[in-house]
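Just so it is clear: chains get the letters A, B, ... in the order the sequence lines come, proteins before strands, and each one is counted from 1.
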Protein chains: 2
Amino acid sequence: MFSKACEYGIKASIFIAINSYNDNRVSPKEISAEINSPQAFTAKILQALVKHNIVNSVKGAYGGFEINKEDIAKIKLSQIVTAIDGDQLLHGCGLGFKVCDEEHPCSLHDQFVFIRNDLRNMLENTTLELLAKDIKSGVSFLKL
Amino acid sequence: MFSKACEYGIKASIFIAINSYNDNRVSPKEISAEINSPQAFTAKILQALVKHNIVNSVKGAYGGFEINKEDIAKIKLSQIVTAIDGDQLLHGCGLGFKVCDEEHPCSLHDQFVFIRNDLRNMLENTTLELLAKDIKSGVSFLKL
DNA sequence: TTTATTTCGGATAAATTTATCCTTTTTATG
DNA sequence: CATAAAAAGGATAAATTTATCCGAAATAAA
Ligand code: FES
Ligand code: FES
């Protein structure tokens, strides 16, 4: 479904969000330890999230990654997925055609569009705030 | 969503099914020409489908690939997807945990299970017969 | 039985994704 | 300003997926 990079990106964003609520910046080292991911690879993914203005980075001593507190509730999972994996999953044809075309549908189109639209709606209606709350309350987990 | 191999496998199965209705066996060459896929790679995927008893192969002159006519309505898309991509997509955790565990859910679990279950239901309720009918009637397409 | 045809299967290569390492740049603080 | 801390970015490597090639095995038909 999602690439490894995207899985790490989602988990990393949640962890950064949780820490940002406490005005605490985190490093790739802390992040990868928390979400159980390779550190250098995770750092690369963070660069992509920074470029897409999802995560903010502060260089130098006492720096690290953070997310503006007031943005956490506005950031949708769809933004993270699109930033890392592109928009093929959210808009592409299920059987690999260049575009999903209603006028020239693939064999699976009628069945696939419902699934894809439900997935897209889920990703667009799920915010970092929502996911971070579940972690903080102990309902869900970032590793193991 | 699906791997390239799986996309080819689905399209190939549909094309074989259509031809099998006319008692016509098809070769990897014909298949890859029809579904616009690399021939040798497609042949490898067909071997996997044969091993999983989804497609039947006949060696030698006048041989080729076919599907028992009475089986076409029984073969579900989920069988093809599982044979080629495994069962991670249908049963795995959306954030990459080894297993999807209700007792120890990942952050996305609550939102993800609905999508994944809908996808699985769709794949389990979609038969090759259904897909082949749409192609034959000109509603949908296998290439371009 | 010989021949032509066709799938099977192994080896290999190309492309992409995943992952690591190391140097440069930036910046807060002493 | 000097220093240490931290992200940025380039080069490279490992793993996986995608793709190609070729000889072996099987089989129908002449
Ligand atoms: S054309 Fe394939 S999903 Fe729409
Ligand atoms: S634990 Fe991740 S989807 Fe269920």
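Considering only the side chain of B:P28, C:dT7 comes nearest among C:dC21, C:dT7, D:dG10. Taking the side chain of B:P38 as heavy atoms from C-beta on, and the options C:dT18, D:dT20, C:dC8, the nearest nucleotide is D:dT20. Nearest nucleotide to the side chain of A:Q47, out of C:dA19, D:dG9, D:dT20: D:dG9. In this structure, the nucleotide among C:dG9, D:dT18, C:dT20 sitting nearest to the side chain of B:S3 is D:dT18. The side chain of B:A61 sits closest to C:dT5 out of C:dT25, D:dA19, C:dT5.
Where B:K51 and A:T42 each meet DNA chain C at their nearest nucleotide, the meeting point lying more 5' is that of B:K51. In terms of position along DNA chain D, the nucleotide closest to A:G60 lies nearer the 5' end than the nucleotide closest to the other residue of the pair B:F41 and A:G60.
At the phosphate of D:dA8, OP1 or OP2 sits under 4.0 Å from a side-chain N or O atom of A:S57. Regarding contacts with the backbone of D:dT18, every side-chain N or O of B:Y8 stays at 4.0 angstrom or more from both OP1 and OP2. Under 4.0 angstrom from either OP1 or OP2 of C:dA4 there lies no side-chain N or O belonging to B:Y62.
Side-chain polar atoms of B:T42 and B:S32 form no donor-acceptor pair below 3.5 angstrom. A donor-acceptor contact under 3.5 angstrom links the side chains of A:D85 and A:S3, judged on distance only.
Contact annotation for A:V26: backbone-only contact, meaning every heavy-atom pair under 4.0 Å involves sugar-phosphate atoms and none involves a base.
Summarising the geometry, the separation between NZ on A:K44 and P on C:dA19 is reported as 13 Å, rounded to the nearest angstrom. The NZ-C1' distance, from A:K59 to C:dA28, rounds to 14 Å in whole Å. Atom C1' of nucleotide C:dT5 and atom CD of B:E30 are separated by 13 Å, given to the nearest angstrom. Note: CD1 (B:I35) to C1' (D:dT18) measures 14 Å, nearest angstrom. Rounded to whole Å, the distance from CD on A:Q39 to P on C:dT20 is 9 Å. The CD-P distance, from B:Q88 to D:dT17, rounds to 12 Å in whole Å. Separating the NZ atom of B:K29 from the C1' atom of C:dC8 is a distance of 19 Å, rounded to the nearest angstrom. A:I16 places its CD1 atom 12 Å from the C1' atom of D:dA7, with the value rounded to the nearest Å.
A salt bridge between A:E7 and A:K11 is absent, with no side-chain N of the basic residue lying under 4.0 Å from a carboxylate O of the acidic one. Under 4.0 Å is where a charged nitrogen must lie from a carboxylate oxygen, and between B:E124 and B:K76 no such pair does.
In this structure, NE2 in B:H104 is found 10.5 Å from NZ in A:K143, a value given to the nearest 0.5 Å.
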